[in-house]
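What follows is a short report on a single structure.
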Amino acid sequence: MSKPPEKSQQTADHLAYDAIVIGSGISGGWAAKELCEQGLKTLVLERGRNVEHNKDYPTATMDPWQFKHRGQMAREFLEENPLISKAAGFGEDTAHFFVKDKDHPYIQEKPFDWIRGYQVGGKSLTWGRACQRWSKYEFTNPERFGYGIAWPIGYDDVAPWYSHVEKFIGVCGNKDGIEAMPDGEFLPPFDMNCVQEVISKKISENYPDRHLVHARWAHLTKPDQLHLDQGRGKCQARNLCMRGCPFGGYFSSVSSTLPWAKRTGNLTIRPFSVVHSVIYDEKLGKATGVKVIDTNTKEVIEYKAKIIFMNASALNTNLILLNSTSARFPNGLGNDNGLLGKYVAFQNYRASVTASMDGFLDRYYFGRNPTELILANYRNLHRQETDYKGGFTTFMGAYRNQHPTEKPAGEIGGDYKDSLTEPGGWQVYMYLQGETIPKENNHVRLSKDQKDQWGIPLLITSVEYDDNDERMIQDFLTQSAEMLEKSGCKNIEKHENKQAPGLDIHEMGGVRMGKDPKTSLLNQWNQLHQCKNVFVTDGACMTSTGNQSPSILYMALTARAANYAVEEIRKGNL
Ligand SMILES: Cc1cc2nc3c(=O)[nH]c(=O)nc-3n(C[C@H](O)[C@H](O)[C@H](O)COP(=O)(O)OP(=O)(O)OC[C@H]3O[C@@H](n4cnc5c(N)ncnc54)[C@H](O)[C@@H]3O)c2cc1C
């Protein structure tokens with residue numbers, strides 16, 4: 001670790017804004033868009049480098065043979081970066097959008113794979129783009145079935161904001177009328193392939209309450225004018241999304257919300273700016289700004305604003321708040337109840353089932369479909385019916401193997417090469433995305449003696465899977481294998497990967513919303529109960545994890561909170 005930065009603090013009027021947004025990823029982009037559109041002079045602080053749409057996608061149009069290692073990382077890199085190399089989609093074509101292990105240390109009290117992308121755009125550049133809505137049950141069931149506190153809001157509070165977000169980012173999907181996975185404002189879905197169609201039909205025939213349908217994805221299958229106005233175009237089904245899309249075919253804050261905010265003339269983005277802490281003024285009884293360290297010069301700068309949006313991603317938001325100490329809040333901003341950093345949770349990604357399907361060898365599919373099907377949650381929806389709490393969704397795909405069905409002798413020579421010109425048989429997979437129970441002992445806290453290169457305490461992660469998760473895995477494996485068998489699949493194999501939490505990249509909580517300031521940190525508008533001009537709208541705010549991919553909920557909550565904040569400013573309340 002190097003020495004902490006020199007103190008050459010600046011505070012001046014030109015450092016004052018209406019709003020500060022910490023982080024420029026999925027949720028920060030949305031805060032910037034909404035606040036700028038409403039006329040607020042907004043400063044987005046981003047610790048990483050700048051990334052501009054198209055200009056900074058160096059690998060977007062490269063062919064496999066143009067990569068030095070044909071897409072693999074060199075052994076030396078893998079040895080130096082064992083953690084980040086595990087991330088889904090990480091490779092020679094995408095490595096520049098992930099951090100390197102040694103540059104950003106943290107302390108794993110229990111194994112936790114913290115996957116991060118520190119640049120303008122954050123993880124919105126590399127995310128998987130699955131965008132299902134939560135149902136009303138995900139908001140109510142944790143309290144109803146006794147494994148969580150009540151959310152201060154329900155599905156009806158968020159539904160209009162889901163629509164607002166879906167229309168702007170462009171989400172493809174089908175209106176399926178499924179209770180466990182509400183419909184939204186959809187562009188047309190990609191086609192199901194023939195094997196997916198068969199399995200979907202067979203599951204419906206055998207299990208009336210189970211529906212294998214299109215999942216919902218942030219892809220422009222048929223762009224509306226609003227998307228064209230963003231400078232984005234139709235998804236070309238290249239499935240190279242994580243390199244950055246030159247067509248703007250999927251949603252990222254770099255291709256969508258940030259340039260839109262910029263056009264208002266109200267946005268300033270400051271890259272290379274690590275937020276150290278939020279500044280609290282005891283006399284005023286509110287936050288007045290943030291303390292930032294310039295990562296190039298190590299200069300310490302204080303920016304002021306009327307409101308502050310915390311969008312640094314779940315665990316970094318916890319870190320900043322824990323590090324925001326004052327005489328009034330010695331244990332972190334808003335942390336009167338001592339629960340800041342606690343009830344951190346994640347999603348259960350530990351299991352999958354694979355199989356093959358005979359036949360259909362005269363059938364193929366168009367392009368490289370970047371989407372999958374989903375089996376909406378069918379567990380513990382209306383009543384507690386299993387030996388574990390919570391529900392799960394199942395993602396599903398079917399594709400033709402790149403290798404020949406009948407393997408020729410050896411894996412070398414002309415016959416082998418000829419056989420590779422034909423696609424192989426059909427392969428099928430299903431994988432788990434499960435709800436986990438937020439628990440007080442699953443927490444993050446700050447190291448008392450170890451600091452990073454900016455002088456900021458290192459984060460300690462103390463988070464683990466539990467028996468409830470194990471029981472869910474067994475149920476998923478049994479049920480998924482049975483469904484595939486009833487659908488006519490062969491060679492069914494169950495897999496448990498035993499991965500650590502974090503690798504799901506759906507970490508959340510630590511600054512949870514709730515009705516009661518004694519048991520939660522945030523109110524129904526994502527304001528800190530004890531410091532109303534600080535809004536937390538990234539995954540840190542989550543009261544429970546649900547079973548659906550979470551990021552579109554962060555976007556909806558951010559848009560909702562930002563518009564509320566603007567109203568409150570106009571009324572003179574903030
Ligand atoms: C491979 C992959 C697949 C995924 N698939 C899906 C999916 O299909 N569906 C889904 O819902 N989610 C998915 N996710 C998760 C999704 O990316 C995150 O939930 C989402 O990006 C969180 O948004 P955010 O704004 O909180 O954080 P981010 O998008 O990570 O943005 C946070 C930003 O804050 C910056 N920052 C951090 N600390 C500071 C600081 N101290 N000062 C200043 N700036 C700071 C970071 O550099 C970053 O730019 C996936 C993620 C990955 C990596």
Side-chain angles (χ1 to χ4, degrees), residues 20-32 43-51 84 86-91 94 97-99 104 113-134 215-219 241-242 250-254 257-258 269-278 290-295 309-321 323-324 346-347 349 370-372 374 393 395 433 452 454 456 459 502-508 536-542 546 548-555 557-558:
I20 288 174
V21 176
I22 305 174
S24 63
I26 285 192
S27 62
W30 264 94
L43 173 67
V44 173
L45 293 164
E46 167 54 53
R47 67 184 300 155
R49 70 183 188 286
N50 197 22
V51 172
I84 201 69
K86 284 188 250 177
F90 180 91
T94 58
F97 290 145
F98 292 88
V99 299
H104 299 287
D113 293 329
W114 189 12
I115 305 301
R116 290 160 290 168
Y118 287 167
Q119 62 263 327
V120 167
K123 298 194 291 286
S124 77
L125 287 159
T126 53
W127 72 313
R129 309 161 308 279
C131 272
Q132 301 72 234
R133 292 184 178 204
W134 273 29
R216 286 84 196 246
W217 304 91
H219 282 267
C241 319
M242 290 175 66
Y250 77 95
F251 167 80
S252 73
S253 52
V254 171
T257 40
L258 290 174
I269 302 184
R270 193 182 200 283
F272 301 114
S273 307
V274 182
V275 173
H276 169 283
S277 53
V278 177
V290 301
K291 183 168 150 183
V292 166
I293 299 159
D294 184 305
T295 62
F309 267 69
M310 308 287 304
N311 299 103
S313 79
L315 298 194
N316 271 313
T317 285
N318 274 276
L319 192 164
I320 296 167
L321 289 175
N323 202 35
S324 303
F346 53 94
Q347 285 185 330
Y349 257 79
T371 70
E372 293 166 331
I374 197 167
T393 53
F395 284 100
Q433 181 174 279
D452 69 9
W454 321 117
I456 298 171
L459 193 72
L503 202 55
D504 46 288
I505 328 182
H506 291 175
E507 66 276 11
M508 31 186 136
V536 177
T537 66
D538 60 16
C541 76
M542 299 288 277
Q548 290 294 2
S549 316
S551 305
I552 192 166
L553 182 53
Y554 309 162
M555 294 190 245
L557 290 173
T558 302

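Note that the numbering runs from 1 along the sequence shown for the chain. Each ligand, and each atom within it, is numbered from 1 in the order the structure gives.
Considering backbone and side-chain atoms together, G128 places an N or O closer than 3.5 Å to an N or O of ligand 1. Considering backbone and side-chain atoms alike, W217 places every N or O at 3.5 Å or more from each N or O of ligand 1. Residue E46 places at least one N or O, backbone or side chain, under 3.5 Å from an N or O of ligand 1. Between K123 and ligand 1, a contact under 3.5 Å exists for at least one N or O pair. Close N/O approach between M242 and ligand 1 is not found [any backbone or side-chain N/O within under 3.5 Å]. Not a single N or O atom of Y118, backbone or side chain, sits closer than 3.5 Å to an N or O atom of ligand 1. Considering both main-chain and side-chain atoms, I26 comes within under 3.5 Å of ligand 1 through a nitrogen or oxygen pair.
Note on ligand 1: G117 sits in its first shell, one or more heavy atoms being nearer than 4.0 Å. Distances from ligand 1 to the non-hydrogen atoms of S273 include at least one value under 4.0 Å.
Taking only non-hydrogen atoms, the option from A130, A215, G28 nearest to atom 9 (N) of ligand 1 is A130.
Screening I20, I22, L45 against V292 for a side-chain contact (heavy atoms from CB on, under 4.5 Å) leaves a single residue, L45.
Across all their heavy atoms, N311 and S27 have their closest contact at ND2-OG, 3.0 Å.
Atom CD1 of I456 and atom CD1 of I320 lie 7.5 Å apart (nearest 0.5 Å).
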